[in-house]
Amino acid sequence: MNQSIINTKLLPFNATAFHNGEFVELSEKDVADKWSIFFFYPADFTFVCPTELGDMADHYTELQKMGVEVYSVSTDTHFTHKAWHDTSDTIKKISYPMIGDPTGAITRNFGVMIEEEGLALRGTFVINPEGEIKIAEVHDLGIGRSAAELLRKVKAAQYVAEHDGEVCPAAWQPGADTLAPSLDLVGKI
């Protein structure tokens, strides 16, 4: 990523996803007006990826209660997603849409394509209801992500969106104190 993707708009896309036993067509219009997470990973039938996707599945209900939809994305096809879902106990837990991006168009839109390999980096992007990217995190292939930490970050993003003039300090949890940036706080934290 040469420039920050933060606060940029979700680019248009069309894709087929495997979701709840069916193939469904998705576009940026399906993401509009709600919080969403785009969760990129390198490939189906691998090693770290199922641990991350399973971890996300374990937190999916709580994210849905917060009005957040999760979209996992790899450069595999939707057919491959179905085959993986049918054969892996970990992946069978997934009830969020698994987007196939065999052309790499969506992966490139988010700046996480490894061109030499045709695979995605581990990229996590949180998009607000206005279609703006509010959180962007990219990991090397060997470093797995934590859905619990992502959940905390989404709660902070939603809090900041709902409370103009307040910001969340490091490791903030709901109910904890926030900050209201001002001249009076400079040098006192």
Side-chain angles (χ1 to χ4, degrees), residues 1 5 8-61 63-64 67-129 131-147 150 154:
M1 291 188 284
I5 197 168
T8 63
K9 290 279 194 176
L10 175 65
L11 295 175
F13 72 91
N14 290 294
T16 305
F18 178 68
H19 185 222
N20 292 329
E22 298 180 16
F23 295 135
V24 296
E25 298 302 313
L26 294 173
S27 75
E28 75 284 354
K29 294 176 183 95
D30 297 298
V31 178
D33 302 322
K34 61 184 169 190
W35 286 89
S36 59
I37 295 170
F38 277 70
F39 197 75
F40 290 85
Y41 64 98
D44 293 359
F45 295 100
T46 56
F47 314 102
V48 176
C49 298
T51 67
E52 292 184 311
L53 290 147
D55 186 38
M56 183 66 79
D58 293 341
H59 291 83
Y60 183 55
T61 300
L63 286 161
Q64 284 190 303
V68 180
E69 183 56 83
V70 174
Y71 302 93
S72 66
V73 186
S74 78
T75 55
D76 297 295
T77 67
H78 54 286
F79 299 112
T80 307
H81 293 333
K82 180 191 182 314
W84 196 25
H85 191 274
D86 290 349
T87 58
S88 167
D89 289 338
T90 299
I91 302 306
K92 279 181 185 149
K93 298 188 306 182
I94 293 174
S95 57
Y96 50 81
M98 299 177 72
I99 296 176
D101 185 27
T103 67
I106 303 167
T107 306
R108 285 185 188 89
N109 283 351
F110 283 86
V112 292
M113 176 64 92
I114 306 168
E115 292 295 340
E116 314 75 62
E117 298 178 37
L119 303 174
L121 290 165
R122 297 187 192 290
T124 309
F125 301 89
V126 176
I127 302 165
N128 72 7
E132 300 165 335
I133 298 169
K134 292 298 178 180
I135 295 172
E137 181 177 51
V138 180
H139 289 223
D140 188 30
L141 298 184
I143 304 166
R145 295 162 283 182
S146 165
L150 177 59
V154 172

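Given the structure is predicted, the values throughout are model-derived calculations rather than measurements.
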Inset, instruction - Would you please test His81 and Asp76 for side-chain contact (heavy atoms from CB on, under 4.5 Å) and show each step? - result: CA-CA 7 Å; His81 293 333; Asp76 297 295; 3.9 Å; yes

Legend entry - Phe125: which of Asn109, Ile37, Ile5 passes side-chain contact (heavy atoms from CB on, under 4.5 Å): Ile5

Legend entry - From Tyr71, Tyr41, Phe39, residue fulfilling side-chain contact (heavy atoms from CB on, under 4.5 Å) relative to Met98: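 The side-chain contact (heavy atoms from CB on, under 4.5 Å) with Met98 is passed solely by Tyr41 among Tyr71, Tyr41, Phe39.
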
How far does [atom1] of [X] sit from [atom2] of [Y], to the nearest 0.5 angstrom?
{"X": "Glu28", "Y": "Ile127", "atom1": "CD", "atom2": "CD1", "result": "11.0 Å"}
{"X": "Lys93", "Y": "Ser88", "atom1": "NZ", "atom2": "OG", "result": "9.0 Å"}
{"X": "Ser72", "Y": "His19", "atom1": "OG", "atom2": "NE2", "result": "10.0 Å"}
{"X": "Leu10", "Y": "Asn128", "atom1": "CG", "atom2": "CG", "result": "10.5 Å"}
{"X": "Ile135", "Y": "Thr124", "atom1": "CD1", "atom2": "OG1", "result": "9.5 Å"}

Inset, instruction - Verify side-chain contact (heavy atoms from CB on, under 4.5 Å) between Ile133 and Phe110, making sure each step is shown before the conclusion. - result: CA-CA 10 Å; Ile133 298 169; Phe110 283 86; 3.9 Å; yes

What closest approach, in Å, do [X] and [Y] show between heavy atoms, and which atom pair accounts for it?
{"X": "Thr77", "Y": "Pro102", "value": "CG2-CB, 4.0 Å"}
{"X": "Ala120", "Y": "Leu141", "value": "O-CD2, 3.7 Å"}
{"X": "Thr75", "Y": "Pro42", "value": "OG1-O, 4.1 Å"}
{"X": "Ile106", "Y": "Phe40", "value": "CG2-CZ, 3.8 Å"}
{"X": "Lys92", "Y": "Asp86", "value": "CE-O, 3.4 Å"}
{"X": "Arg122", "Y": "Ile143", "value": "CD-O, 3.1 Å"}

Would you mind reporting whether [Y] and [X] have side-chain heavy atoms less than 4.5 Å apart?
{"X": "Phe79", "Y": "Thr16", "answer": "no"}
{"X": "Leu63", "Y": "Tyr96", "answer": "no"}
{"X": "His59", "Y": "Val70", "answer": "no"}
{"X": "Leu26", "Y": "Phe13", "answer": "yes"}
{"X": "Arg145", "Y": "Asp55", "answer": "no"}
{"X": "Pro97", "Y": "Phe18", "answer": "no"}
{"X": "Ile99", "Y": "Phe38", "answer": "yes"}

Inset, instruction - Take Thr90 and Thr51, measure what side-chain contact (heavy atoms from CB on, under 4.5 Å) needs, and give me the verdict at the end. - result: CA-CA 8 Å; Thr90 299; Thr51 67; over 6 Å; no

Inset, instruction - Ignoring hydrogens and angles, tell me if any N or O in the side chain of Arg108 forms a donor-acceptor pair with the backbone of Glu115 under 3.5 Å. - result: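 Here the side-chain-to-backbone pair does not exist.
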
Legend entry - Asp44 side chain vs Trp84 backbone, donor-acceptor pair below 3.5 Å: no

Inset, instruction - List the steps and the verdict of salt bridge (Lys or Arg N to Asp or Glu O under 4.0 Å) for Lys34 and Glu69. - result: CA-CA 8 Å; Lys34 61 184 169 190; Glu69 183 56 83; 5.1 Å; no

Legend entry - Phe45, CZ: over 12 other non-hydrogen atoms inside 6.0 angstrom: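 Above 12, so yes.
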
